[in-house]
Amino acid sequence: MIEINNLTKVFGSFKAVDGLNLRVEPGEIFGFLGPNGAGKTTTVKILSGIMRPTSGSVRVAGFDLAADPLAAKRAMAYIPDEPFVYPKLTGWEFMRFIGDLYSLPVSDQKKRIPELLAAFELEAHSGELLESYSHGMKQKLLIASVLLRRPKAVLFDEPTVGLDPKSIRRFKSLLLEIASAGAAVFMCTHILDMAEKLCHSVGIIYRGRLVARGTVAEVKKLASGAYGPRSLEDVFLELTE
Amino acid sequence: MLNILFRRKVNTLTNTLKALRGWKLVKNLMFGAVGLLMLSALYAAFWRLLAYLETVQLIGPMLSWKLTSMVLLMTFSMVIVSSIIISMSTLYYSFDLKFLISCPLDLRSVFMDKALETVFYSSWTLVLAILPYIIALGRVKALGAGFYLSYLFLMVPFVMLAGAVGIFFSMLVMYAFPSSKTRDITWLLGSLSVAFVYVMFRFSKPEKLLRPDSLQVVAQYIQYLQSPTAPYMPSWWVTKAMVAYSAGHWGDFAVSAGVLTAAALLLYALIYFMSGRLYMRGFSGAQSSPRFRGNRRTLPEQRLAAAFPALRAYFTLYWKDRLMLLRDARYWSQIILIAALIAVYLFSIRQLPLDTADLKSLISFLNVGVAGFVMAAIGLRFTFPAVSLEGNSYWLLKSAPVTTASVLREKLTVSLLPSLLVGFILITISNRLLNADLFISVLSTFTILVAAVVITVMGIGFGAIFPDFNVENIHQLESSYGGFLYMAASMGYLALLVGAEAWPVQMHFAERLGRAHAWDMRALVFCAAVFLALNITALYLPWKLGLRSLEKHEI
């Protein structure tokens, strides 16, 4: 579970996130939508522990991120919008690095890493240095490393950027698998169609404030006017103009 | 088209200058003031040297011009090697190159833009470093402002020429072997060349210029002074032009300056023409990654982690750093330069003209400070950048279940052992070369080992206070504000360390010279307390500040 209470982040005189309150339940896929610069990446960075909030608190899997950061981080996995990885490690070494860093049993790693690499069609490249991987390959490797960890909370920031259509389809099914295994999924995305089809609930952030929150159907109703039911895209554009 | 590219550089510079406000401005002004102070110190040293040379009867003026030609030759060689190393990044791997090449810009213009950038980066420090020498030369020889203007006029084609030689070489190498492996090999060869030039210059004993008696026959000495230093090199053309200017031989000045300028123009015309034919193949090849096949064997650290599960995160970070260092050619090129630095250091110790055993022992003690300086210089290249070299991948550690303190501790242990080893080797060999007595040997060895720990902790601490995860290469970190402060703090620490031990050493020499009751216990206890307080402070403060800064650092 991910629990966000009164989260605020200020950069100088600019309020990037303004009093955000959210709760993502275990097994729920939450789509976090918003235009560029609305505060999505700042929020997800705070949730992952790489940025500190100005005020407010975050709890992940029952652990307070400020009071017990290691326990909270052990329970979650984060993938940023840019898949920066160590260029001089091979794909196999990177997976082992993540596995060891998150204290996964070695026998489990040796069994699951080849399976995951094969699932993402990275097996043949697992001995190559990551500096030779394409953007999409790095992204797939990071997603594979998330699955290796079996986290209780997953944070994705634009996870499908750089992925080929086949990998996007694979990613979507994996997302459902992760959620059905009981993990809370928090996903920032610009692909409204994907959010509409995959997410159990969505939130729209605009200028740091949460302007809509609910199931896709509930959010759609927020902007339904005289013209009848509208798409998530219509609602998004109306709320963020 | 070149003017569009040039305008973007002017805009970048203007924006950077405009952004200099508040603490940033103060920081840069302080940095500049200290730099100016160091240049003034260099000027004072050169002025003394050149003024002394001028007083040597008959051969004085010849001596200073000979030295000038050697300095210029050295500068020319260093700019060539620097431009080879730097051009591998600027011409083939700059962040903006893919964008520039995809733009409707003439390829030759992009090349020339990057070539000029290369010349600037490979020459500005050297040009600045020899400026105090030239000012001192002009003053000693009583030459007016015109001399400095003519020097500036000569310097432009001089460094442009040296830079172009390096760029042309890189272009040919990348054309012949268009692969990113070529960059790594060139970096290694470039570092080897710098090390070679540096070691050879020192091993040629330039101090013999000051001791004419070292050359047995006077005529031979004068002939040596009158002979051109590398007559076909641009450095000699500059020397000839400067000599001609000082003697008022305007015709000779015009010929030398003309040859220099014509050679520079010719070479640029050549690389401009050739870049159209050769550059694209090299650039395209550089985008490919070298083939590398790793295996899946269990690493020694992973075995240790299995034996000591509590240290698993530590061993994991350790093997990650070890593999990264071993596979990065940048580190190997740095190691070559450090080996040269150590060789020159030990050679200089051997060459010291010390007559008495007491003097040798005293120098052995003071040598702690110099060996410490060498270690700090090594720390600047290896320990200080350790945190920043996590680069854009630092988010992985920041979001992982590891504390910042454990990351810093791991980085410390990676650097600590080599640092202790280098310190021990430096002090043991130099003590042996100087025949230091037992007391001084034990004291200096103990002190250097303590200093190795402190300097390494300071390196990690300062690296964490001033992290830069977006840096493109180690050289940028070395010349950064944080790097400068780290060196200044290390120097201050070493001065205080030697100062804290000066009193006991004085008592030791008093005993050696036969004074009764040379040892004062109260003074010893006082010095031990100062020693302890100094080291605890130097360990605690940078570490604590670094840890706090890195914990707060947001990416």
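Every heavy atom of this structure was used, including side-chain atoms; hydrogens, water molecules and symmetry mates were not. Sequence lines set the chain letters: A, B, ... in the order given, protein chains first and strands last, and positions in each chain run from 1. Bear in mind that the values here come from a model prediction, so they are computed numbers and not experimental data.
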Using non-hydrogen atoms and a 4.5 Å limit, figure out which bit of A:Phe11 sits close to chain B: side chain, backbone, both or neither.
side chain

Is any side-chain heavy atom of A:Trp92 less than 4.5 Å from a side-chain heavy atom of B:Asn295?
no

For A:Leu89 against B:Met324, the heavy-atom pair lying closest together:
CG-SD, 4.3 Å

Heavy-atom cut-off 4.5 Å, strictly under: side chain, backbone, both or neither for B:Glu301 against chain A?
neither

Heavy-atom distances under 4.5 Å only: say whether A:Ile98 touches chain B with side chain, backbone, both or neither.
side chain

When the 4.5 angstrom heavy-atom criterion is applied to B:Ala305 and chain A, the contacting part is neither

Side chain, backbone, both or neither: which part of B:Thr403 has an atom under 4.5 Å from a heavy atom of chain A?
both

So, do B:Leu323 and A:Glu93 sit near enough that their side-chain heavy atoms are less than 4.5 Å apart?
yes

Does the pair A:Phe94 and B:Leu396 meet the rule for a side chain to side chain contact (heavy atoms under 4.5 Å, CB included), with working shown?
CA-CA 11 Å; A:Phe94 180 77; B:Leu396 276 162; 3.6 Å; yes

Could you check if a side-chain atom of B:Leu317 sits within less than 4.5 angstrom of a side-chain atom of A:Phe97, using non-hydrogen atoms only?
yes

Test item: A:Ser126 and B:Arg296 side chains (from C-beta on) under 4.5 Å apart, heavy atoms
yes

The reported gap from OG in B:Ser399 to NZ in A:Lys45 (rounded to nearest 0.5 angstrom) is 11.5 Å

With a 4.5 angstrom heavy-atom cut-off, which part of A:Ile113 approaches chain B: side chain, backbone, both or neither?
neither

Is the number of heavy atoms from other residues, nucleotides or ligands under 6.0 Å of A:Lys152 NZ greater than 12?
no

Backbone N/O of A:Phe84 and side chain of B:Trp395: donor-acceptor pair under 3.5 Å
yes

State whether the number of non-hydrogen atoms from other residues, nucleotides or ligands found under 6.0 Å of A:Lys15 atom NZ is greater than 12.
no

Roughly how far, to the nearest 0.5 Å, is CG of A:Leu130 from OG of B:Ser393?
9.0 Å

Going from NE2 on B:His553 to CE on A:Met51, what distance comes out if it is rounded to the nearest 0.5 angstrom?
9.5 Å

Correct closest heavy-atom pair for A:Arg52 and B:Lys552 would be NH1-CG, 4.1 Å

For residues A:Tyr86 and B:Glu390, report the shortest heavy-atom separation together with the two atoms involved.
OH-OE1, 2.5 Å

Check whether any side-chain heavy atom of A:Leu101 sits under 4.5 Å from a side-chain heavy atom of B:Leu397, and report yes or no.
yes

Heavy-atom donor-acceptor pair, A:Lys73 side chain to B:Val402 backbone, under 3.5 Å:
no

Thinking salt bridges, do A:Glu131 and B:Arg327 make one under a 4.0 Å N-O criterion?
no

Pick from B:Arg312, B:Arg293, B:Gln302 with the largest number of heavy-atom pairs that fall under 4.5 Å of chain A:
B:Arg312

